[in-house]
S.K.: 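There's a structure below that I have some questions on.
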Amino acid sequence: MSELADTDPTQVRVELGARSYDILIGSRLLDSLGAEIVARYGKVRAGIVSDSTVAPLYRARIEASLTQAGIAPVFFEIAAGESSKCLSVFETLVEDVVGARLERGDVLIALGGGVVGDLTGYVAASVRRGIGFVQVPTSLLAQVDSSVGGKTGINSSHGKNLIGAFYQPGLVLADTDTLSTLSPRELRAGYAEVAKYGLIDDPDFFVWLEQNHTAMLTQGDVSARIHAIARSCRAKARIVSEDEQEHGKRALLNLGHTFGHALEGATGYSDRLVHGEGVAIGMVLAHQFSAYMNLCSPDDGARVKAHLQAVGLPTSVGDIAGDAPDTATLLRFIGQDKKVQRGTLTFILTRGIGEAFVSNDVPSSAVEDFLRQTLEG
Ligand code: NAD
Ligand code: GLY
């Protein structure tokens, strides 16, 4: 471990045989990035990709850390926001990285939120059929979810994340201090993915979150943040180790995402609804839909809604600014996100808090009836 951090970081290992890697979580970690990279890759060349919001905040520290470790970095900037997860930005970045002569043994560092991480990972997977990839997540969402597990990619005009590859990083370095510059809205959006881990299979964690969300979010309690991030990463690492390419169990990580992605699509992937907010509404809908299917009590949906509302997240379609998306539009996006096979869909349903399961035979007619009842009264 580097000597620069205040205390040793919390370390979570993602076990994937020869492609296993560490997630380092803690305060003041950015300054040790160069040393951590040299320890794993040697004195390679490094490219940094960041966005127009994060770069002015953290680029200089990252570059200083790399330079101090004997690595001269090249830097690539993209515009902040989901719209950068597209083919044209991907094309420009791939050409720039190839043009900078980064080789297979070199590394591309994603410094930013999930947008930078997903895009950079796909570029790293594509250039010379795969160069080294390091995640330095700076949003809560990226620290607990998108930087871990190797899903990389961009959006298509047909829907979200439809172009991409599984490509694991060799290191994830999550400096919790970076969350201090994140907007309260983005912090809350990331929290939805934290709550997701409690709702999947860790009801005790959900209770902990009900009791500690204020300390973690509003008061910025570092130890509470590290605890929540590490517990989330451990949960994701365990699932990814068991099912890296989502042939089964990994789909649990999509709890709330089918509805959430449809809402994001229906609102044009715009500022009206950021990803984590879509997930928050989606998780409430997933619990309500499970109750509609007589799988869990309506009280479970009410409890999830109450908690996410207490955090300040949107919890119903009516909470989205502007015209509410209609049932037909949502069904169209759901059909794109999850292929309809013989009239049925794969959905993440639940038997209660912390009892989510993958169902491969949800009638699409039931989803339609539920949405009509929920959205059209
Ligand atoms: P984001 O990358 O757009 O970041 C949100 C905003 O916060 C951006 O404006 C960004 O510039 C800013 N930001 C990030 N860190 C900051 C900091 N420390 N200080 C100030 N501003 C900061 O979005 P996100 O919520 O981090 O990630 C959402 C994306 O992640 C979506 O595209 C989603 O599809 C993807 N995702 C991927 C996975 C995966 O497994 N690969 C999982 C979940 C989500
Ligand atoms: N966020 C879903 C997954 O990584 O599988």
Side-chain angles (χ1 to χ4, degrees), residues 14 30 49-59 61-62 77-86 110-122 125 133 135-155 159-169 172 174-194 196-197 200 232-233 235-237 239-240 242-258 260-261 264-265 269-271 273-280 282 337 348 358:
V14 183
L30 287 186
V49 180
S50 193
D51 74 24
S52 48
T53 301
V54 176
L57 297 167
Y58 302 112
R59 173 184 171 181
R61 266 179 72 191
I62 290 283
E77 185 169 308
I78 61 164
E82 184 73 26
S83 58
S84 283
K85 258 178 71 171
C86 68
L111 171 67
V115 165
V116 170
D118 282 12
L119 172 71
T120 306
Y122 190 39
F133 174 39
Q135 289 266 21
V136 183
T138 60
S139 69
L140 180 58
L141 185 141
Q143 294 191 351
V144 298
D145 191 354
S146 62
S147 66
V148 176
K151 276 191 182 175
T152 72
I154 55 178
N155 303 325
K160 225 175 126 63
N161 298 332
L162 293 179
I163 304 164
F166 285 99
Y167 195 67
Q168 299 293 341
V172 179
D175 187 330
T176 52
D177 297 346
T178 61
L179 303 181
S180 64
T181 53
L182 196 61
S183 71
R185 183 183 180 189
E186 292 293 354
L187 196 61
R188 287 194 296 270
Y191 183 91
E193 301 278 13
V194 176
K196 179 183 78 177
Y197 295 107
I200 290 173
S232 301
C233 287
K236 181 150 187 184
I239 291 174
V240 167
E242 286 177 41
D243 177 24
E244 183 184 7
Q245 299 210 350
E246 201 170 307
H247 298 300
K249 191 171 186 184
R250 182 165 181 166
L252 288 171
L253 295 169
N254 297 332
L255 176 64
H257 283 56
T258 301
H261 283 170
E264 277 186 88
Y269 305 111
S270 68
D271 202 37
L273 190 75
V274 298
H275 176 75
E277 293 172 337
V279 170
D337 195 53
I348 313 309
V358 183

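Just follow the structure's listing: the first ligand is 1, and inside any ligand the first atom is 1.
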S.K.: Which of the atoms in ligand 1, numbered in the order shown and given with their element, are less than 4.0 Å from a heavy-atom of S146?
M.R.: 36 (N), 37 (C), 38 (C), 39 (C), 40 (O), 41 (N), 42 (C), 43 (C), 44 (C)
S.K.: Counting each atom of ligand 2 from 1 as listed, which ones have a heavy atom of N254 under 4.0 Å away?
M.R.: 2 (C)
S.K.: I need the contact type for V240 against ligand 2. Using non-hydrogen atoms and a strict under-4.0 Å cut-off, is it side chain, backbone, both or neither?
M.R.: neither
S.K.: Heavy atoms, side chains only, cut-off 4.5 Å: are Y167 and Y122 in contact?
M.R.: no
S.K.: State plainly whether the residues D271 and R185 are in salt-bridge range, i.e. N to O under 4.0 Å.
M.R.: yes
S.K.: Which of the atoms of ligand 1 are close to T178, meaning less than 4.0 Å from one of its heavy atoms?
M.R.: 17 (C), 18 (N)
S.K.: For K236, take its heavy atoms, then give the atoms of ligand 1 lying under 4.0 Å from any of them.
M.R.: 40 (O)
S.K.: Is there any N or O on R250 that sits under 3.5 Å from an N or O of ligand 2?
M.R.: yes
S.K.: Provide the number and element of each atom of ligand 2 under 4.0 Å from a heavy atom of D145.
M.R.: 1 (N)
S.K.: Heavy atoms only: which of L182, T53, D145, I154 lies closest to atom 7 (O) of ligand 1?
M.R.: L182
S.K.: Short list, please: which atoms of ligand 1 are under 4.0 Å from a heavy atom of T138?
M.R.: 14 (C), 15 (N), 16 (C), 17 (C), 18 (N)
S.K.: When you look at L162 and N155, which way does the side-chain contact (heavy atoms from CB on, under 4.5 Å) test go after all the steps?
M.R.: CA-CA 6 Å; L162 293 179; N155 303 325; over 6 Å; no
S.K.: Ignoring hydrogens, just give me the one of V144, D118, V115, L57 whose non-hydrogen atom is nearest atom 3 (O) of ligand 1.
M.R.: V115
S.K.: Can you tell me how far apart CG (L187) and CG (L141) are? Round to the nearest 0.5 Å.
M.R.: 11.0 Å
S.K.: Taking atom types as modelled and ignoring hydrogens, do the side chains of D175 and Q143 form a donor-acceptor contact shorter than 3.5 angstrom?
M.R.: no
S.K.: Looking at K151, which atoms of ligand 2 are within less than 4.0 Å of one of its heavy atoms?
M.R.: 2 (C), 3 (C), 4 (O), 5 (O)
S.K.: Is the contact between N161 and ligand 1 made by the side chain, the backbone, both, or neither, using heavy atoms and a 4.0 Å cut-off?
M.R.: side chain
S.K.: Show which atoms of ligand 1 fall inside a sub-4.0 Å distance from at least one heavy-atom site of D51.
M.R.: 10 (C), 11 (O)
S.K.: Under 4.0 angstrom from ligand 2, any heavy atom of K236?
M.R.: yes
